[in-house]
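Working notes for the structure below.
Throughout, a chain's letter reflects where its sequence line sits, starting with A, and its residues are numbered from 1.
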2 protein chains.
Amino acid sequence: MITRKPRLEDVAQRAGVSMKTVSNVINGYPHISAKTLDRVQTAIDALGYRPNLSARNLARGRAGMYALIVPQLDRPYFAALARHVIDAAHEVGAVVLIEQTGGDLEAERRVISGEFSRRVDGMIFSPMTIGAEEIANRSDATPLVLPGEHVDQAGAPHLGIDNQAAARLATRHLIDLGRTRLGMIGVGRPRQSNPRYRGFRQALTDVGPRAEPRWLRTARGVSGADGEAAMTKIISDGNPLPDGIFCATDWLALGAIRALLQNGIRVPEDVAVIGFDDIPYGAVSTPSLSTIATNRGQIAQQAIRLLKAPGTEVDHDLATIDFRLVIRESTAG
Amino acid sequence: MITRKPRLEDVAQRAGVSMKTVSNVINGYPHISAKTLDRVQTAIDALGYRPNLSARNLARGRAGMYALIVPQLDRPYFAALARHVIDAAHEVGAVVLIEQTGGDLEAERRVISGEFSRRVDGMIFSPMTIGAEEIANRSDATPLVLPGEHVDQAGAPHLGIDNQAAARLATRHLIDLGRTRLGMIGVGRPRQSNPRYRGFRQALTDVGPRAEPRWLRTARGVSGADGEAAMTKIISDGNPLPDGIFCATDWLALGAIRALLQNGIRVPEDVAVIGFDDIPYGAVSTPSLSTIATNRGQIAQQAIRLLKAPGTEVDHDLATIDFRLVIRESTAG
DNA sequence: ATGAAAGCGCTAACAT
DNA sequence: ATGTTAGCGCTTTCAT
């Protein structure tokens, strides 16, 4: 009885065939006689043989693995993305290595400078702080796709929804509800370069202006507490309340709702609130949260597809992903 | 200019040294002359050299990678676990491959039968449906640790909190609040073999019986909808309401709260609700959720530690993890 | 402190 | 349909 792990050669010997034949069996090469196949299979089972993936990858020159790099895996959006990426990778026989940057610039630099280049066949990278230019100037040649919002013009395929159109759809929903005093809680300054802000303005322009500057607030971050703080300011500044609020993310929306409820303001009767992202909790919160849902499975599948055939990208800058309006209690309750 | 990716040999040539010396530099071997080190480093930078991990792993006989296998990555508990496992792996210079079983028995069988055996140095496996016995009888020798609840006596190190003590602590909290009519929404039948149920009973016994069977409900699953359905039944059966509910998971608790609020029952004034797991949403929900928090960082670190030194386990069955009571609005609001 | 050479286990020409 | 063999790029004794 051999004590070390069985190798291809051990299987070959036991089956009385060559390594090549065993390799053929393992890799599903079609032209093998039934008898040989059976003998090889028997030997494999008897020995409990499993191919050494390091060796296979070295010989093949491929890793059979993709890297997914996100800021933090325990943020629901990234967790959901990861789930779908793993599923999509399985469909092409690959596995997924996951890394977290924490949004740290140095960590993000390491990613584009090739930290994983000889370990994976491609990277799905969701950057947070690094700039598009720096990504565009990378020297590492590992195939790369960028899901998310902050990465136009980075010289790599960018997977995302049309944020402006989506924000417009969300705002339009508030208008269709008959709301006339609309506000927005966004992230970052409300510039024209921010597509979600642009979409919000556009929806207003469609029907005539209805927003007042005092209802436009910039949250300090993307967390629920940030949304709560922003909403509290809107409530406490002594001016009349808006009757509809579009929040740039679901977390902001949940925080905003919390601030409203704690001030005795009803949602959606007094103020309708809609978010953006469709995080799972929005479906079970009280009230449940209306939002924009992006098709995450589609993002994942497109990402893997692009990495499998690098260079084939139809459009090197944007692969558009579907989105839809999800109406729940926070606007329609 | 070479067009293919630079290898160790290319670096060696450019620096005028042997491959061994370059290898020494890369791996931080201490006894290298400053001059040599500088020349090698210069050559590495100039060529943009990165070691091929497949080759390294093959030569070393290790993968430098651990597998984390969970039912679903987008369930907050597993996402949080994954986050910490990745961090813990980094501390020992390893990376993490993540897989999902969906709780599917066949997928779980594949895991313990060695699907990853030659790809990773160890597995952190969170099984859902496979039995402890089947795990104990596995033939694959890949180091394995089992975080979670359902896997005592599986012949592999099991990482978890003392569920019974934790459930008792949660229930005790309700009692300390002065609640006298306590109920529980659990998963699976309320048998003595279920530690969370046992802990609940024990807390009651500590102070004299206060639970009635009609307040003990078994949810059909672990989702918010399941908790909502269970709570709705308790509300609508015409009997007096409990004034305190212990839910075996946070999702169940969030669903239960939702059912209460929709029936005009106040939380915590009329019914105090406490969950179990400390999922992130619980901190921002309205009302925020009291719960039992497990130390996930500790689970992850213990897991990696055990995988690094397989066989060293002090106790082959249970490495106990800390937990604590987190008091929020759903009980103390 | 550095070099030479033998694997690590598998794949893929090429041959038969 | 199956066998032979030369790598894949790195680590690691064993020398020096």
Side-chain angles (χ1 to χ4, degrees), chain A residues 2-41 43-44 47-65 93 114 116-121 142, chain B residues 2-41 43-44 47-65 93 114 116-121 142:
Chain A
I2 336 173
T3 175
R4 65 158 162 55
K5 293 184 178 179
R7 326 177 279 187
L8 206 55
E9 198 176 349
D10 301 326
V11 177
Q13 248 167 33
R14 194 175 222 272
V17 299
S18 77
M19 283 172 61
K20 165 69 175 161
T21 301
V22 180
S23 178
N24 282 342
V25 170
I26 291 170
N27 295 294
Y29 184 73
H31 307 293
I32 309 172
S33 74
K35 190 169 58 184
T36 312
L37 190 135
D38 184 60
R39 287 192 18 206
V40 171
Q41 194 57 56
I44 288 177
L47 261 35
Y49 170 78
R50 299 278 168 171
N52 178 318
L53 278 303
S54 292
R56 168 179 292 175
N57 294 337
L58 176 57
R60 281 190 182 160
R62 294 186 282 104
M65 182 159 64
F116 305 110
S117 60
R118 262 60 159 195
R119 174 158 239 158
V120 300
D121 298 328
T142 312
Chain B
I2 337 171
T3 175
R4 64 158 161 55
K5 294 185 179 178
R7 325 176 279 186
L8 205 56
E9 197 176 350
D10 301 324
V11 177
Q13 249 168 32
R14 195 174 220 273
V17 298
S18 78
M19 285 171 60
K20 165 69 174 158
T21 302
V22 180
S23 179
N24 282 343
V25 170
I26 291 170
N27 294 294
Y29 183 73
H31 307 292
I32 309 172
S33 74
K35 190 169 60 184
T36 313
L37 190 136
D38 184 62
R39 294 209 351 228
V40 171
Q41 194 58 57
I44 288 177
L47 261 37
Y49 170 77
R50 300 276 168 172
N52 178 318
L53 279 303
S54 291
R56 169 178 290 176
N57 294 336
L58 176 58
R60 283 190 181 159
R62 293 185 281 105
M65 182 158 66
F116 304 110
S117 61
R118 261 61 160 195
R119 174 158 241 160
V120 300
D121 298 329
T142 312

By nearest atom, which of the nucleotides [options] is closest to the [X] side chain?
{"X": "B:Ala55", "options": "D:dT12, D:dT2, D:dG9", "answer": "D:dG9"}
{"X": "B:Lys20", "options": "D:dC10, C:dA4, D:dT11", "answer": "C:dA4"}
{"X": "B:Thr21", "options": "C:dG3, D:dG9, C:dC10", "answer": "C:dG3"}
{"X": "A:Ser23", "options": "D:dC10, D:dT2, C:dT11", "answer": "C:dT11"}
{"X": "A:Leu58", "options": "D:dG9, D:dC10, D:dT4", "answer": "D:dG9"}
{"X": "A:Ser18", "options": "D:dT12, D:dC10, D:dT4", "answer": "D:dT4"}
{"X": "A:Val17", "options": "D:dG3, D:dA1, C:dC10", "answer": "D:dG3"}

At under 4.0 Å, does any side-chain N or O of [X] touch on OP1 or OP2 of [N]?
{"X": "B:Arg7", "N": "D:dC8", "result": "yes"}
{"X": "A:Ser54", "N": "C:dG9", "result": "no"}
{"X": "B:Asn27", "N": "D:dT11", "result": "yes"}
{"X": "A:Thr36", "N": "D:dT2", "result": "yes"}

Rounded to the nearest angstrom, tell me the gap between atom [atom1] in [X] and atom [atom2] in [N].
{"X": "A:Glu9", "N": "C:dC10", "atom1": "CD", "atom2": "P", "value": "10 Å"}
{"X": "A:Asp38", "N": "D:dT2", "atom1": "CG", "atom2": "P", "value": "12 Å"}
{"X": "B:Asn24", "N": "D:dT11", "atom1": "CG", "atom2": "C1'", "value": "10 Å"}
{"X": "B:Asn52", "N": "D:dC8", "atom1": "CG", "atom2": "P", "value": "11 Å"}
{"X": "A:Arg56", "N": "C:dC8", "atom1": "CZ", "atom2": "P", "value": "19 Å"}
{"X": "A:Arg60", "N": "C:dC8", "atom1": "CZ", "atom2": "P", "value": "21 Å"}
{"X": "A:Ile26", "N": "C:dT11", "atom1": "CD1", "atom2": "C1'", "value": "11 Å"}
{"X": "A:Arg119", "N": "D:dG9", "atom1": "CZ", "atom2": "P", "value": "17 Å"}

Is there a donor-acceptor pair under 3.5 Å between the side chain of B:Asp121 and the backbone N or O of B:Arg62?
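Here the side-chain-to-backbone pair does not exist.
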Is a side-chain N or O of A:Arg39 found less than 3.5 angstrom from the main chain of A:Ala15, in a donor-acceptor match?
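Judged by distance alone, yes, a pair lies under 3.5 Å.
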Take B:Leu8 and A:Met19, find for each the nucleotide of DNA chain D with the closest heavy atom, and name the residue whose nucleotide sits nearer the 5' end.
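Checking each residue's closest nucleotide, the 5'-ward one belongs to A:Met19.
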Looking only at non-hydrogen atoms, find the nearest pair between [X] and [Y] and report the distance.
{"X": "B:Arg60", "Y": "B:Asn27", "answer": "NH2-OD1, 2.7 Å"}
{"X": "A:Met19", "Y": "A:Glu9", "answer": "CG-CA, 4.0 Å"}
{"X": "A:Arg119", "Y": "A:Ala63", "answer": "O-CB, 3.1 Å"}

